[in-house]
Amino acid sequence: MIDRRDFLSGVAITGAAIGLSPAEAIARGLLIDDSTPVYPPALTGMRGSHAGSFEVAHSIAWQGKTYPVPTQTTDEPYDLVIVGGGISGLSAAHYARRYLGEDASILILDNHDDFGGHAKRNEFTQDGRIWLGSGGSQSIDSPSTFSAEAVSLMKDLHIETDRFYDYFDRDFSTRYELGTGLYLNETDQFLRAQSTSNPLSFDDRAERKAVADLIDALPIGAADREAMISIFIDQVDWLSDYTHEEKLDLLRSKPYRDLLKIHGSLSDNALSFFTDDSKTLFGTGWDVWSGLEAVRLYHPGTIGLGIDPATVDGAYSDEPYIFHFPDGNASLARLLVKRLIPDIAGDVDIAGDLDMEKVVLARFDYSKLDQPRAPTQIRLNSTAVRAENIGGAAQVCYVRDGKVEKVIGRRAVMACYNHMLPFIMPEMPEAQATALQIHEKAPLTYVNVVVRNWRFWKKAGIRMFLAPGCILSKAQIDYPVSMGGYECTTGPDSPAVIHMIHAATAPGEAIDEQARQGRHQMYAMSLRDYEHETRKVLSGAFDRYGFDFDRDVSQFTVNRWPHGYAYEYNELYDDPSCVAYHGIARGPDKGPHVEGRQKIGNISIANSDSSAFAYLQGAINAAHRAVQELYG
């Protein structure tokens with residue numbers, strides 16, 4: 001385990017085992033022996049898109065580098081080769097075995113040192129026990145909206161989402177009297193509200209008073225204060241000059257931030273304090289999302305408009321946001337791997353209706369992932385550089401340990417990043433390549449911080465706070481989920497995982513340009529930069545309550561995803577016929593992504609990008625479609 005001192009002194013592993021031969025890794029202490037690798041979930045430092053996982057891809061896309069095709073294949077031909085070991089790639093292997101049988105030979109290649117794609121697990125040891133955090137894909141969101149294919153997969157994995165009503169402590173904030181807050185970086189103010197959802201929302205008179213006090217304390221002028229009180233406290237209809245249908249048309253066609261400025265009479269200064277809250281949901285601010293999207297999300301600034309969000313096209317499911325494993329969707333990825341490689345968890349028998357509990361604390365043996373002659377092999381640290389049809393089969397070349405290797409599959413599924421496909425699939429038609437390059441994924445970083453206790457949060461009366469204007473714009477005590485022998489934090493005197501979010505944006509630019517610029521901002525940030533920002537925000541908010549960063553923080557993991565959320569069509573930027581709203585079973589059936597995902601010979605395409613749907617079910621649905629294209 002890399003502790004905080006190692007982190008600050010720059011000797012955290014940060015994926016250092018990537019790109020090294022086994023002998024080199026053993027020499028550096030990163031492997032116990034040539035058959036016992038390090039345990040990736042427990043690595044700290046810069047994770048996510050870590051050192052070694054992206055350099056080969058960047059050399060192709062940025063520098064135009066080409067890699068020679070080896071004359072010899074590394075292995076005997078496989079029935080199926082899958083590029084990408086995330087939820088979509090693992091699901092594709094699961095679905096393919098329905099057609100091919102459980103003894104079919106399947107090879108899964110992934111460029112990271114861990115499987116799961118964005119569904120990564122952060123595992124810490126503190127006070128003699130394990131603490132878990134989500135390193136990316138976080139939730140089984142709105143399971144009632146899942147497609148039949150996704151429901152089937154969940155059933156195969158014995159995931160019963162109703163159990164989360166017991167696993168998730170929905171009374172946590174109320175029991176400890178915790179609300180929300182705002183940390184104002186420029187004035188070093190920390191403001192508390194009693195609401196447990198949004199600092200500017202309220203349910204009763206006491207919460208109304210807390211929101212009024214918060215607005216009164218903001219460093220804004222009298223006119224802004226009056227406008228905010230009118231919108232958030234009095235909940236006036238700031239679009240009262242419009243009919244109901246005119247309101248819907250206006251809200252659908254203009255950014256929420258612009259509408260508040262023009263029709264709500266709020267200045268840029270006032271808007272800066274509460275129009276970043278969408279970043280943690282979409283990866284971008286309210287300058288690129290419509291007013292109607294704010295209505296759909298019950299944003300407190302829209303309550304007085306007289307529009308019932310449940311009646312709006314694209315209304316969100318009313319299910320609570322509670323369907324989390326302690327490590328997010330990493331446990332779902334682990335369940336898939338366990339199905340594909342049954343002895344991965346040693347003596348832990350994950351079979352039957354308690355799969356979803358047993359997997360949480362099961363220790364996976366990574367040496368079992370890529371065993372010769374095993375029906376399914378998962379080969380990590382392997383970046384695909386070429387995929388094409390050869391002689392009625394699919395040939396895939398990849399770089400591992402600095403060397404190019406070649407494998408043959410009777411079929412192949414590309415379950416990797418859409419933008420890379422035109423660079424590594426030479427047969428791809430130009431129109432399809434163009435379609436794949438149109439939209440950008442939103443960059444996102446999750447920082448998980450282990451604190452020895454959270455007494456200072458209790459003193460502040462806060463479970464979550466927003467930090468407008470800061471790089472890390474949200475921090476919260478992680479979701480209180482206890483299951484399968486794992487127990488979340490038991491009170492202010494016990495350790496906890498603090499979850500913080502960085503959504504890199506370029507306000508004022510169009511949504512795709514924001515993603516491009518934000519990605520480069522994110523790549524430019526070092527581990528030390530993230531440590532500095534973490535210290536600044538937590539210290540700024542909690543030093544007044546007795547927090548001491550050097551004493552109270554024990555460990556960090558920075559999960560950096562420059563290619564984060566899959567692009568979802570936006571009613572401000574895209575053809576309305578392409579926009580598939582929430583509460584649907586799958587992504588839209590129109591738009592450039594449909595042309596971009598077309599099968600090429602024996603090679604099909606599966607990833608959340610190909611569904612234009614950034615949620616878990618988007619990745620699962622894409623896997624099912626891709627496998628059907630090959631075998632259905």
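Bear in mind that the values here come from a model prediction, so they are computed numbers and not experimental data.
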> Are R519 and E440 close enough, and set up right, to give a salt bridge (charged side-chain N to carboxylate O under 4.0 Å, His left out), and what steps lead you there?
Replying inline: CA-CA 10 Å; R519 181 174 307 122; E440 299 284 344; 3.1 Å; yes
>> Run the salt bridge (charged side-chain N to carboxylate O under 4.0 Å, His left out) test on D313 and R296 for me, step by step, so that the C-alpha distance in whole Å, both residues' side-chain angles and the decisive distance to 0.1 Å come before the verdict.
In response: CA-CA 9 Å; D313 53 354; R296 294 184 185 107; 3.5 Å; yes
>> Determine whether F325 and F168 satisfy the following criterion, ring pair (Phe, Tyr, Trp, His ring centres under 6.0 Å), listing intermediate values before the conclusion.
In response: CA-CA 9 Å; F325 286 93; F168 192 102; over 10 Å; no
> Going through the distances and angles, do D113 and K120 end up as a salt bridge (charged side-chain N to carboxylate O under 4.0 Å, His left out)?
Replying inline: CA-CA 11 Å; D113 64 354; K120 286 294 192 290; over 6 Å; no
> Given the rule in the ring pair (Phe, Tyr, Trp, His ring centres under 6.0 Å) test, do H563 and F54 qualify, once you have shown the distances and angles that lead to the verdict?
Replying inline: CA-CA 11 Å; H563 304 282; F54 55 85; 9.3 Å; no
>> side chain to side chain donor-acceptor pair (under 3.5 Å) for S144 and E319? Distances and angles first, verdict last.
In response: CA-CA 8 Å; S144 68; E319 290 175 281; 2.5 Å; yes
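Considering Y523, Y417, F423 as possible partners of H58, the one that fulfils the ring pair (Phe, Tyr, Trp, His ring centres under 6.0 Å) test is Y523. Of the listed residues (V407, D110, V81, L369), just one forms a side-chain contact (heavy atoms from CB on, under 4.5 Å) with R379, and that residue is V407. D355 pairs in a salt bridge (Lys or Arg N to Asp or Glu O under 4.0 Å) with only one of the listed residues (R163, K155, R339), which is R339. A side-chain contact (heavy atoms from CB on, under 4.5 Å) with Y316 is found for one member of L297, D141, T145 and no other, namely L297.
H593 contributes no side-chain N or O that, together with a main-chain N or O of D609, makes up a donor-acceptor pair within less than 3.5 Å. Checked by atom type and distance alone, the side chain of E533 never pairs as donor or acceptor with a backbone atom of Y530 at under 3.5 Å. With hydrogens and angles ignored, the 3.5 Å screen pairs a side-chain donor or acceptor of N448 with a backbone N or O of S134. In this structure, the side chain of N570 engages the main chain of V288 through a donor-acceptor pair within 3.5 Å. Checking side-chain atoms of S105 against main-chain N and O of D79 turns up a donor-acceptor pair under 3.5 Å. Put simply, the side chain of R625 gets close to the backbone of I605: a donor and an acceptor are under 3.5 Å apart.
Counted within 6.0 Å of CD on E102, heavy atoms from surrounding residues, nucleotides or ligands total 12 or fewer; the atom is thus considered open. Within a 6.0 Å radius of NZ in K261, no more than 12 heavy atoms belonging to other residues, nucleotides or ligands are found. Heavy-atom contacts from other residues, nucleotides or ligands closer than 6.0 Å to NZ of K590 number 12 or fewer.
Side-chain contact check for E571 and S290: at least one donor-acceptor pair (N or O, by modelled atom type) lies under 3.5 Å. Side-chain contact of D276 with S473: a donor-acceptor pair under 3.5 Å is absent, judged by distance alone. Under 3.5 Å, the side chains of S152 and R98 contain a donor-acceptor pair of N or O atoms. Defined by atom type and a distance below 3.5 Å, a donor-acceptor pair is missing between the side-chain atoms of Y256 and T302. For the residue pair N111 and S53, no side-chain donor N or O sits within less than 3.5 Å of a side-chain acceptor on the partner.
L336 approaches I87 most closely through the heavy-atom pair CD1-O, 4.3 Å. Shortest non-hydrogen contact noted between L436 and L421 is CD1-CB, 4.0 Å. Residue C578 comes nearest to P588 through the heavy atom pair O-CB, 3.1 Å, listed as atom of the first residue, atom of the second, then distance. For the residue pair A623 and A92, the shortest heavy atom distance occurs at CB-N, 3.5 Å. The minimum heavy-atom distance linking A384 with V83 is given by the pair CB-CG1, 3.6 Å. Contact record, T445 with V558: CG2-CG1, 3.8 Å, taken as the closest heavy-atom pair.
Taking the six-membered ring for Trp and the full ring otherwise, Y446 and H499 have centroids separated by under 6.0 Å.
For the pair L260/F274, a side-chain contact is recorded, criterion being any heavy-atom separation below 4.5 Å from C-beta on. In this structure, V312 and L251 have side chains that are not in contact, with every pair of non-hydrogen atoms separated by 4.5 Å or more. Side-chain atoms of L250 and K247, non-hydrogen and from C-beta on, never get closer than 4.5 Å to each other. When side chains are defined from C-beta on, S278 does not count as touching H299, because their heavy atoms never get closer than 4.5 Å. Taking 4.5 Å as the limit, every side-chain heavy atom of L572 sits out of range of all side-chain heavy atoms of E293. Taking the side chain as every heavy atom from C-beta outward, I501 and L444 approach each other to under 4.5 Å. A 4.5 Å side-chain heavy-atom check between Y631 and Y95 finds every atom pair outside the cut-off.
Between D114 and R334, none of the side-chain N atoms (NZ, or NE/NH1/NH2) sits under 4.0 Å from a carboxylate O, so this pair counts as no salt bridge.
Classification of the H263-Y242 ring pair by plane angle, with boundaries at 30° and 60°, yields perpendicular. Relative ring orientation between H112 and H50 is described as perpendicular, the plane-to-plane angle rising above 60° on a 0-90° scale split at 30° and 60°.
Here CZ of R386 is found 10.5 Å from CD1 of I424. Values are rounded to the nearest 0.5 Å. Atom CG of N621 and atom CG of L153 lie 10.0 Å apart (nearest 0.5 Å).
Partners of H439 under the ring pair (Phe, Tyr, Trp, His ring centres under 6.0 Å) rule, at least two apart in sequence or in another chain, are Y567, Y569.
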